[in-house]
Each structure stands twice: as structure tokens, then as C-alpha cells.
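What follows is a set of notes on a single structure, which appears directly below.
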2 protein chains.
Amino acid sequence: MAQSDTVDRILDAAELLFAEKGFSETSLRQITSKAGVNLAAVNYHFGSKNALIQAVFARFINPFTRLLRDKLEAAAADKNDISLEALLSIITSSILEVPGRNHRGLSIFMRLLGLAYTQSQGHLRKYLEQQYSEEFRLFMRLLKEATPQLTPVERFWRIQFMLGATAFTMSSTEALSDILEKEMGVRQPIDEIVKQLVPFLASGIQADHLNASPALRKVDGGKVQ
Amino acid sequence: MAQSDTVDRILDAAELLFAEKGFSETSLRQITSKAGVNLAAVNYHFGSKNALIQAVFARFINPFTRLLRDKLEAAAADKNDISLEALLSIITSSILEVPGRNHRGLSIFMRLLGLAYTQSQGHLRKYLEQQYSEEFRLFMRLLKEATPQLTPVERFWRIQFMLGATAFTMSSTEALSDILEKEMGVRQPIDEIVKQLVPFLASGIQADHLNASPALRKVDGGKVQ
DNA sequence: GTCTATAACGCGATAGAC
DNA sequence: GTCTATCGCGTTATAGAC
């Protein structure tokens with residue numbers, strides 16, 4: 001068995017098991033056994049379990065980050081301010097377009113991202129923040145330009161709300177899809193879910209801040225009264 | 001040391017440690033050591049680690065559930081349909097009013113709830129669903145009446161988005177408050193954060209579903225044009 | 001480069017003295 | 001009701017044969 005083969009088999013197995021059960025709950029024994037390699041192989045090739053976790057993420061992040069940065073920089077170069085919807089679409093389309101990933105792989109990636117943020121994996125969070133910092137700052141600048149009506153404090157909290165809605169939902173898309181199919185007989189692919197998310201986020205972040213009752217703006221048949 | 005004292009000391013210590021590190025990452029040894037009781041005490045008083053996790057939740061859930069059910073039933077008895085904002089306020093005010101809990105305890109509870117949902121703790125999820133099922137169904141019925149314009153599938157996903165924004169934010173209110181204070185010099189108590197959340201959620205769940213650009217409904221000075 | 005064997009340790013749980 | 005001591009197992013990580 002060539003080295004690269006072993007490494008990939010480990011990464012594939014680890015990815016699936018981490019997404020299924022979480023990081024602490026997955027042992028190296030389970031990973032190596034599923035991958036059909038020796039128990040010692042993980043420590044030989046990656047050095048430690050934490051390094052393996054980071055390597056699993058790196059496989060996704062590197063292509064995704066490249067794609068996202070290109071799109072954000074193109075948007076920033078435009079002389080007009082980017083709209084909020086366009087900005088959110090850059091994120092979602094980058095996620096959906098990550099090269100070499102099918103839908104199954106995508107939902108695994110989203111679940112891992114959600115877990116990384118909610119499970120307290122200090123090392124992983126630092127790793128991701130470091131990998132993403134440049135793109136994150138650029139995104140924040142564009143978001144500020146797209147929502148000039150918000151105070152900085154409002155914007156801060158609403159970004160957290162958006163992140164939460166996204167990470168939380170994405171971290172269990174498969175389980176939720178199963179519930180939806182069972183209860184309503186509808187099967188939705190993951191990119192449909194992402195598309196449902198965008199209007200929710202865009203509307204939420206632009207909620208009227210002077211008036212806590214956006215319902216006053218009643219909508220009938222999709223048209224403002 | 002009286003029994004109830006030992007039990008409470010264990011519950012207090014477990015609550016803090018679980019919220020800090022997660023369930024799998026917290027050992028009985030850490031809990032009993034922090035509580036200043038013997039290692040065997042957990043198994044003696046609770047039977048197992050899983051039972052302890054459930055007991056930690058029960059301390060909060062029982063008073064909260066009582067409060068929530070009373071308010072929801074009062075709302076359901078009203079002959080007029082409840083508004084979306086009023087419905088969301090019932091939830092948030094119930095959380096904020098849970099008896100015997102200060103703000104620190106509240107943020108711990110929210111963090112635990114968030115963890116329960118994201119960490120794959122099968123037993124805990126089942127336990128919570130069972131404890132909450134009646135209130136959850138009632139809430140869903142009222143929410144359906146308050147958002148008649150949504151299709152069932154849209155409503156399903158938007159409920160997940162709301163839940164995500166809430167659980168995720170609440171699960172790290174303390175850390176986020178610290179960041180906010182450091183970056184902007186503003187200190188916000190937890191009930192201020194919750195108040196910021198309501199308009200975001202209300203606006204998000206009512207986002208125009210035919211048109212992915214709610215920004216078209218421009219608002220000026222809080223009044224619809 | 002991959003294996004076996006095992007070290008070194010932490011875990012949850014329990015038996016039995018007091 | 002609380003303690004000590006320990007069982008039995010699973011964990012990550014490593015040493016050394018091939």
C-alpha cells in the first residue's frame with residue numbers, strides 16, 4: 001500500500017466518523033479500523049489526533065478559501081458597493097462550488113464546520129481563524145458597506161445570529177432532511193437548504209432596529225401593502 | 001455532609017464543567033474533585049454519568065417548562081391568533097424569568113442547551129424531546145397560526161434557522177460579550193442580547209419567500225414607503 | 001513504509017470496609 | 001452515606017521487528 005493511499009484512506013474514514021459522532025467521541029482505533037490500516041498509521045503520518053483533525057479540514061478549506069477570496073476581491077474591486085444579497089450569495093455559491101465535492105461530501109463538510117464551532121476544540125478554532133483571517137476581514141468590510149443603517153453593536157450581534165443559524169443548521173442537515181422527509185414526504189438537496197437560508201439571513205440582518213415589530217409591515221401575496 | 005448537600009455540590013460542579021468543556025470532555029474525576037466529594041459519589045447518587053447529565057438539565061427544565069406551558073396555554077386560550085412577536089416574547093421572557101437563576105446561571109443553561117443539540121448525545125436529546133414534547137407541539141401550533149403565509153417546508157427550515165441563531169449565540173454569550181466590550185467598549189447584559197435577537201428572528205422568519213431580495217422593501221425612518 | 005506489541009495513562013463503574 | 005481500592009477497558013502514543 002503506497003503512502004498516499006494510506007493517508008487518503010485515513011482522511012476519508014476520519015472525515016466520515018468525525019462528522020457522524022464528533023471529535024472526542026471518535027477514537028483512532030475506529031478510524032484506522034474503518035480505513036483498513038494499522039493503528040499506528042495515524043501517528044506515523046500525522047503525528048497526533050489533533051493534527052489529523054486539522055488535516056481533515058485542510059482538504060476542504062484550501063480550495064474553498066481560494067474560491068472565496070477570488071470572489072470577494074472581485075466584489076471589492078467593483079466601484080459600486082456590493083448588495084447584501086450578492087455578498088451572502090458569494091459565500092453560499094463558494095461553498096456549493098468547492099471543486100471535487102459532491103453533495104454528500106458537502107454536507108459532511110458543513111457538519112464538521114458546525115462541530116468545529118460548537119464543540120470546544122480550541123486548537124481547531126485557532127487553526128481555522130488563522131486560515132480564514134484575511135477572508136473574514138474582507139467579508140466584514142463588505143458587510144459593513146452593505147448595511148450602513150446598522151450601528152456597530154447591532155451589526156456585531158446580527159453577524160453572530162447569522163453565523164449561528166448557518167453553522168447550527170448545517171451541522172445537522174442530514175438529520176433534519178430525514179425528519180423533513182419523514183414528516184412531510186419532501187426530500188431537499190443541500191443546495192436547496194442553503195438557498196432557503198439566504199433570504200432568512202438577509203431579512204434578519206436588515207430587521208428594523210427602531211421598531212421591534214416588523215410584522216407591522218404586513219405582506220399579502222408577496223406585495224407590500 | 002448531608003446527602004442533599006453532596007448532590008447539589010455535584011450538580012453545581014458538573015453544570016460548570018459541562019458548560020465549559022462539553023460532556024465527553026468532562027470526566028467524573030474532574031467533577032467530583034471540583035465538588036470536593038468522593039469519586040464514587042456520582043455513581044452512588046445518580047447511577048451513571050449519563051444520568052448525571054440528565055439531572056443537570058432537569059434542574060433547569062422543570063421550572064422553565066412550567067412557566068412556558070402556563071404562558072403558552074394562556075395565549076392559546078385567547079380567541080385571537082397570537083402575533084409572531086408576542087409568541088417569541090413568551091419564549092424569551094420565560095427564559096429570563098426562570099426562578100432562582102441569575103444571569104450567570106442563565107448563560108450556562110443556554111450554553112448547555114446549545115451543546116445538547118450539537119454534540120451527538122443521543123440519550124440527552126431523547127430525554128429533552130420527551131420532557132418538552134407537549135410544549136413544543138403547542139408552540140408549533142401557535143407559530144403556524146402566526147405565519148400562515150409560509151409553506152410547511154419553509155416554516156420547517158426557518159424554525160431550524162431560528163433555533164440555530166438562538167442556541168448558538170446563547171451558548172457563548174459570555175465570550176461574545178467579552179469580545180464586544182474589548183472591541184467596542186460596550187457592555188451588554190444578557191437580556192439586552194435576547195432583546196436584540198427577537199427582531200432578527202421575527203424578520204427572518206417572515207422574509208419574503210417569493211422574492212429573495214427583501215431589501216427591495218426599503219424602510220425609511222421606521223415607516224413603509 | 002507498515003506492521004505488532006505494548007507502554008503509560010485516564011476512564012466509568014463497582015465491591016466492600018467503615 | 002461515604003470512603004478506599006481496584007477492576008476492566010479504551011485511549012493516545014511509541015519502540016522496535018520486518
Side-chain angles (χ1 to χ4, degrees), chain A residues 1-58 112 115-116 119-127, chain B residues 1-58 112 115-116 119-127:
Chain A
M1 191 182 290
Q3 174 199 342
S4 59
D5 194 14
T6 299
V7 167
D8 284 343
R9 291 168 65 89
I10 291 174
L11 286 172
D12 289 341
E15 183 177 294
L16 281 170
L17 288 168
F18 286 151
E20 208 172 290
K21 303 144 48 84
F23 303 110
S24 314
E25 294 81 358
T26 302
S27 69
L28 294 184
R29 279 177 162 78
Q30 293 169 323
I31 293 168
T32 50
S33 144
K34 185 182 183 100
V37 303
N38 188 269
L39 172 59
V42 167
N43 273 277
Y44 177 75
H45 288 290
F46 298 93
S48 73
K49 185 182 177 180
N50 278 354
L52 170 62
I53 294 176
Q54 292 173 8
V56 167
F57 274 85
L112 289 176
L115 284 177
Q119 275 192 279
S120 16
Q121 290 281 334
H123 71 98
L124 185 53
R125 220 165 146 152
K126 266 180 205 153
Y127 174 80
Chain B
M1 191 181 293
Q3 175 200 340
S4 57
D5 194 14
T6 298
V7 167
D8 284 343
R9 291 167 66 86
I10 291 173
L11 286 173
D12 289 341
E15 185 177 293
L16 281 170
L17 287 168
F18 286 152
E20 208 173 291
K21 304 146 49 85
F23 304 110
S24 314
E25 294 82 359
T26 303
S27 69
L28 293 184
R29 283 174 163 80
Q30 292 170 321
I31 293 169
T32 51
S33 146
K34 185 184 185 99
V37 303
N38 189 269
L39 170 60
V42 167
N43 272 277
Y44 177 75
H45 288 291
F46 298 93
S48 73
K49 184 181 178 181
N50 278 353
L52 170 62
I53 294 176
Q54 292 173 9
V56 167
F57 274 85
L112 288 176
L115 284 177
Q119 280 196 275
S120 15
Q121 291 280 337
H123 71 99
L124 184 53
R125 218 163 149 155
K126 265 180 205 155
Y127 174 80

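A quick note: this is a predicted structure, and the numbers were derived from the prediction, not measured. Chain naming here is simple, since letters A, B, ... match the order of the sequence lines and numbering starts at 1 in each.
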Looking only at heavy atoms, which two atoms of [X] and [Y] are closest? And how far apart?
X     : Y     : answer
A:A41 : A:I10 : CB-CD1, 3.9 Å
A:G36 : A:R9  : CA-NH2, 4.0 Å
A:N43 : A:S48 : OD1-CA, 3.8 Å

Do any side-chain nitrogens or oxygens of B:T6 fall under 4.0 Å of OP1 or OP2 in D:dG1?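 No, B:T6 has no side-chain N/O under 4.0 Å of OP1/OP2 on D:dG1.
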Rounded to whole Å, how long is the line connecting atom CG of B:L17 with atom C1' of C:dG12?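 About 16 Å, once rounded to whole Å.
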What's the CG-C1' distance between B:L52 and C:dA13, to the nearest Å?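 Going from B:L52 (CG) to C:dA13 (C1'), I get 14 Å.
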Among A:V7, A:L28, A:I53, which residue meets the side chain to side chain contact (heavy atoms under 4.5 Å, CB included) test with A:F46?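 When side chain to side chain contact (heavy atoms under 4.5 Å, CB included) is applied between A:F46 and each of A:V7, A:L28, A:I53, only A:V7 qualifies.
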For A:T26, give me all partners under side chain to side chain contact (heavy atoms under 4.5 Å, CB included), at least two apart in sequence or on another chain.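 So A:T26 forms a side chain to side chain contact (heavy atoms under 4.5 Å, CB included) with A:L17, A:F18, A:K21, A:Q30, A:I31.
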In B/S/- notation (B base, S sugar-phosphate only, - none; protein heavy atoms under 4.0 Å), nucleotides 11-18 of chain D written 5' to 3' is BBBB----
